[in-house]
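None of the values given here were measured: they were computed from a predicted structure. Positions are given from 1, in the same order as the sequence printed here.
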Amino acid sequence: MTRMLFREDAYRREAPAKVRDITPEGGIVLDQSLFYPTGGGQPGDSGWISWDGQRLPIATTVKGEGDAIVLVPAEASALPPKGAHVVHELDWDRRYKHMRVHTALHLLSVAMPFGVTGGQISATHGRLDFDMPDAPEDREEIEETLNTFVDMDARVSESWITQAKLEANPHMIKTMAVRPPKGTGDVRLIRIGNDDEGWIDLQPCGGTHVARTGEIGALRLGKMENKGRMNRRVYLHLDS
């Protein structure tokens with residue numbers, strides 16, 4: 001199992017690790033990883049891995065067999081040998097934008113309280129697919145609500161509950177097509193809101209997020225597309 005350092009500290013940019021394995025395709029499996037693997041609509045992290053004076057760019061990160069996390073090199077090059085001690089470094093600018101967009105999409109699911117059938121994150125924008133018959137007509141109101149949440153600078157935190165508790169509270173699950181992230185028999189929750197004022201949102205999520213909504217910056221609604229009889233795709237953009 002690869003230790004998920006990105007869960008312990010989403011703001012850590014560099015960390016030592018040991019090469020646990022090299023996959024047949026040339027992917028690098030470390031004993032611990034700052035790099036988030038593609039999943040839940042969030043792209044895999046990119047960056048660099050260094051050892052013995054060599055530095056190899058990493059194009060993306062994916063899930064491997066079991067609980068392994070695999071770093072995918074950006075070019076054909078010499079790989080660190082199994083057992084090597086390395087340092088891996090995030091492309092922080094890209095990751096931080098993913099964090100901002102991901103938290104913003106959680107806010108969008110509050111401003112538009114419909115079931116979510118899909119989603120995707122990039123470094124400039126994200127989108128959610130909603131289980132709803134018609135596109136919303138109150139674009140300005142939705143955008144204003146989103147930016148009010150940002151201006152609140154609300155705290156973003158995590159907690160864990162048992163699978164049994166989640167099943168007893170099905171209203172927490174907004175994503176209709178993605179299984180909630182599980183740990184050792186538990187499910188990770190992302191909470192947006194200050195404890196003394198209740199919360200804005202609480203839902204299962206395995207991705208990386210900013211610590212406060214104020215870090216997201218101004219948000220702008222993009223196009224809304226008809227993707228089926230009960231499917232409306234809504235884009236959300238970072239303004240900077």
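- Using cut-offs of 30° and 60° on the angle between ring planes, the pair His209 and His102 is tilted.
- Between Tyr235 and His125, the ring planes are tilted. Angles from 30° to 60° get that label.
- Within a 6.0 Å radius of CD in Glu144, other residues, nucleotides and ligands contribute 12 heavy atoms or fewer.
- With hydrogens and angles disregarded, no donor-acceptor distance shorter than 3.5 Å links the side chain of Thr208 to the backbone of Met99.
- Using a distance-only test at 3.5 Å, with no hydrogens or angles considered, no donor-acceptor pair links the side chain of Glu158 to the main chain of Leu189.
- Other residues sharing the hydrophobic cluster of Val70, ordered by chain and number and joined by side-chain separations under 4.5 Å: Val29, Val62, Val72.
- A donor-acceptor contact shorter than 3.5 Å links the side chain of Thr2 to the backbone of Ile69.
- Taking every heavy atom of both residues into account, Gly44 and Thr38 meet most closely at N-OG1, 3.0 Å.
- Following chains of ILVMFWY side-chain contacts shorter than 4.5 Å, one can reach Trp199 starting from Ile161, so the two form part of one hydrophobic cluster.
- Arg55 places no side-chain N or O within donor-acceptor distance of the main-chain N or O of Pro57, the cut-off being under 3.5 Å.
- Atom CD of Glu140 sits in a sparse spot, with 12 or fewer heavy atoms from other residues, nucleotides or ligands closer than 6.0 Å.
- Contact check for Val156 versus Ile190: side-chain heavy atoms found under the 4.5 Å cut-off.
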Check against side chain to side chain contact (heavy atoms under 4.5 Å, CB included), Leu30 and His88: CA-CA 9 Å; Leu30 303 178; His88 60 306; 3.9 Å; yes
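- Residues Arg212 and Asp153 are paired through a salt bridge, judged by an N-O separation under 4.0 Å between the basic side chain and the carboxylate.
- Between Asp186 and Arg188 there is no salt bridge, since no side-chain nitrogen of the basic residue lies less than 4.0 Å from a carboxylate oxygen of the acidic one.
- Residues Ile142 and Phe114 share a single hydrophobic cluster, defined by chaining ILVMFWY side chains whose heavy atoms lie under 4.5 Å apart.
- In terms of hydrophobic clustering, with Ile, Leu, Val, Met, Phe, Trp and Tyr side chains grouped at heavy-atom distances under 4.5 Å, Val101 and Tyr11 are assigned to a common cluster.
- A 4.5 Å side-chain heavy-atom check between Leu56 and Ile28 finds at least one atom pair inside the cut-off.
- For the 3.5 Å distance criterion, the side chains of Ser50 and Glu89 fail to qualify, holding no donor opposite an acceptor.
- Contact annotation: the side chain of Leu108 approaches that of Phe130 to within less than 4.5 Å [non-hydrogen atoms, C-beta and beyond].
- In terms of modelled atom types and a separation under 3.5 Å, the side chain of Glu143 and the main chain of Leu221 share a donor-acceptor contact.
- Hydrophobic clustering, with ILVMFWY side chains joined whenever heavy atoms are under 4.5 angstrom apart, groups Val19 together with Leu79.
- For residues 50-80, the set of pairs meeting the ring-ring contact (aromatic ring centres under 6.0 Å, His included) definition, not counting sequence neighbours, is empty.
- Taking every heavy atom of both residues into account, Ser46 and Ala59 meet most closely at CB-O, 3.3 Å.
- Checked by atom type and distance alone, the side chain of Arg20 pairs as donor or acceptor with a backbone atom of Met1 at under 3.5 Å.
- The shortest side-chain heavy-atom distance between Tyr36 and Thr61 does not fall under the 4.5 Å cut-off.
- Nearest heavy-atom pair across Asp129 and Arg233 is OD1-NE, 2.7 Å.
- The nearest pair of heavy atoms linking Gly27 to Pro73 is CA-CD, 4.3 Å.
- When every heavy atom of Ile49 is checked against every heavy atom of Pro80, the shortest pair comes out as CD1-CG, 4.5 Å.
- Pro43 has its side chain within reach of Arg94: a pair of non-hydrogen atoms, C-beta onward, lies under 4.5 Å apart.
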For side chain to side chain contact (heavy atoms under 4.5 Å, CB included), just list the numbers for Met112 and Leu128, CA-CA rounded to whole Å, side-chain angles, deciding distance to a tenth of an Å, and then say yes or no. CA-CA 10 Å; Met112 295 182 61; Leu128 289 180; over 6 Å; no
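- Residue-environment remark: CD (Glu14) exceeds the threshold of 12 foreign heavy atoms within 6.0 Å.
- For Arg100 (side chain) and Glu215 (main-chain N/O), a donor-acceptor pair under 3.5 Å exists by modelled atom type.
- Side-chain atoms of Thr213 come within 3.5 Å of backbone N or O of Phe149 as a donor-acceptor pair.
- Both Ile22 and Leu71 belong to a common hydrophobic cluster when Ile, Leu, Val, Met, Phe, Trp and Tyr are linked at side-chain heavy-atom distances under 4.5 angstrom.
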Begin from the C-alpha positions of Ile216 and Leu238 and carry the test side chain to side chain contact (heavy atoms under 4.5 Å, CB included) through to its verdict. CA-CA 8 Å; Ile216 297 170; Leu238 300 176; 4.0 Å; yes
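- The salt bridge (charged side-chain N to carboxylate O under 4.0 Å, His left out) pairs that include a residue from residues 40-54 are Asp45-Arg95, where partners are two or more places apart or lie in different chains.
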How far apart are the C-alpha atoms of Met224 and Arg232, what are their side-chain angles, what is the distance that settles it, and do they pass the side chain to side chain contact (heavy atoms under 4.5 Å, CB included) test? CA-CA 7 Å; Met224 299 183 182; Arg232 297 296 176 266; over 6 Å; no
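- The distance from atom CZ of Phe35 to atom OG1 of Thr60, rounded to the nearest 0.5 Å, is 10.0 Å.
- With hydrogens and angles ignored, the 3.5 Å screen pairs a side-chain donor or acceptor of Asn147 with a backbone N or O of Leu219.
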